[in-house]
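Shown next, in structure tokens, is the structure this report addresses.
As the structure is a prediction and not an experimental result, all values here were calculated from the model. In each ligand, atom 1 is the first atom listed, and ligand 1 is the first ligand listed. What you see below is based on every heavy atom in this structure, not just the backbone, and it leaves out hydrogens, waters and symmetry mates.
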Amino acid sequence: MKRREFIKSAGISTLTAMVGSSVFLNACHTEEDMIGEPNWIVEGGFDRPLIIPPKAGGNVQLVSQSISGEMLNGKMTSLLSYRDGLLGPVIKVIKGETVDVRLQNNLSEETNIHWHGLVLPENMDGHPKDVFASAGSYNYIFPVQQRAGTYWYHPHPHGATARQVFMGLAGMFIVNDSEEAALNLPSGDAEIPVIIQDKRFAGVSLDYSPTDDEIMTGYLGEQILVNGIFSPYASVSQDWHRLRLLNGSTARVYNLALSNGMSFHVIGSDGGLLATPETVTSIMLAPGERADLLVDFSSLAIGQEMFLVSNKFNKYNLQGRQAFSIMKFKVERNASGSFTLPATLSTITTIPSSSSVKTRMFDIAATIGGEGGHGGKGRHSINGKIFDMERIDETVQAGTTEIWEFDNMMGDEIHPMHIHGVQFQVMERMGGRHELIATEKGWKDTILLMPGEKVRLIMTFPDYTGVFVLHCHNLEHEDDGMMLNYKIV
Ligand code: C2O
Ligand code: CU
């Protein structure tokens, strides 16, 4: 939807709701400030040790089920999981291995697993058509043929993806290979999976109940969880640490930084290692994206604390208006090893634009009216189309290279666009931030488009033929229909 209409539809009711909040009213200077209430984040005490989900190999049994778990300190919440604890196991495999994961569906509804970022045969990819019923099971058997990196897995039943992920179904999937092993990156206790998700609670219950407006903006929670628990701290040594970050939120974008302003090093993104480390003081991470970071704790004294925070960013709808802490690091031990940041990490061969056989455009700026019933506000679409499971929207040739452009120039919502079945390179960003951020200099499967931005991506399709999807990874948008089928032939 265009900004004007949104103000018209959201302005009056939210203004009424804001009366009484003098802090907020004082901060209102422009019309844009009046767009809705920003779901202020509530921070906790950061006094609970971080939980690391257990590791599993590529041969593992998962059970999607309802359990109760301690997301909030000392309180039990009923949630969904792939095991008997919070979130799925961190599945770790070595490139070349064959994965054999059996999912037993003990939910009362359909589900499946999409292996986000992995390039897989159609029947293993977890397309929304390939869901299976309550009490059913499915064996995901596939070879892992791609480079080391931080991938993840989550359900993909159309219309229910956001809720199932929000309720707890997600896990990290790590691929290792010999190239990465030769770098001797921080490992063991110094390698920390950091799965960031915002949640909304009603008392101790998870509350997933997006309104029509929240389907437009994305459902934003007030509490930030890491690895399934609220407000944790990690005890660290004065060594270098590797943080494997995954934004597993349905809609919230984080502008990640360290609370003392210290710089850190981006070594990888969605599709594994960058060519060289990129030293930054902040990095944006959209839903579905990963960032592989190295942080040197040697300059912090024993007893010192530092937070992983999200800083404000230009306000788009309700996002980016508040800075908040996500988790705390407590430096409690002396360095036990030494590490030198390598000058080079890997080789990334740029796909030449001359090899592209076709350029496709995807207009993601417009919503279409009529059918949706979201208070007459229309529904999210791509090229004016709402997802239809049976319709093939684009057909590409296996093994060929194409340029895909996502255009949000005229839009006023944030859209992290994800393509199944392929890893791409980002050629350029036009409008808005104009340039690529550190993580976008490597292989990607999800790309963030702020309002007013357009990106050009280049990708070579694999030899796996079949039907795959591309969609917005704002999961409320995805469930609302912001998804298309493309077929590799
Ligand atoms: Cu992580 Cu089709 O999504
Ligand atoms: Cu979107």
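Annotation: angle subtended at atom 1 (Cu) of ligand 1 by His473 NE2 and His154 NE2 is 110°, to 10°. For His156 atom NE2 and His471 atom NE2, the angle they make at atom 2 (Cu) of ligand 1 is roughly 110°, to 10 degrees. An angle of 130° is found at the Cu ion (ligand 2) between His415 atom ND1 and Cys472 atom SG, rounded to 10°.
For His420, the N, O or S atom closest to atom 2 (Cu) of ligand 1 goes by the atom name NE2.
Listed here is the closest heavy atom pair of Gly268 and Thr439: O-CG2, 4.1 Å. Scanning both residues, Tyr219 and Ser209, for their nearest heavy atoms gives OH-N, 3.2 Å.
Contact annotation: the side chain of Phe201 approaches that of Met71 to within less than 4.5 Å [non-hydrogen atoms, C-beta and beyond]. In this structure, Phe230 and Thr77 have side chains that are not in contact, with every pair of non-hydrogen atoms separated by 4.5 Å or more.
For atom 2 (Cu) of ligand 1, the set of nearby N, O or S atoms under 2.8 Å includes none belonging to His116. Among the backbone and side-chain atoms of His473, none of the N, O or S atoms lies under 2.8 Å from the Cu ion (ligand 2). Look at His477 and the Cu ion (ligand 2): an N/O/S atom of the residue is under 2.8 Å from the metal.
Within a 6.0 Å radius of CD1 in Ile94, other residues, nucleotides and ligands contribute 12 heavy atoms or fewer.
Ring pair His473/Trp152 is tilted by interplanar angle, where 30° to 60° counts as tilted.
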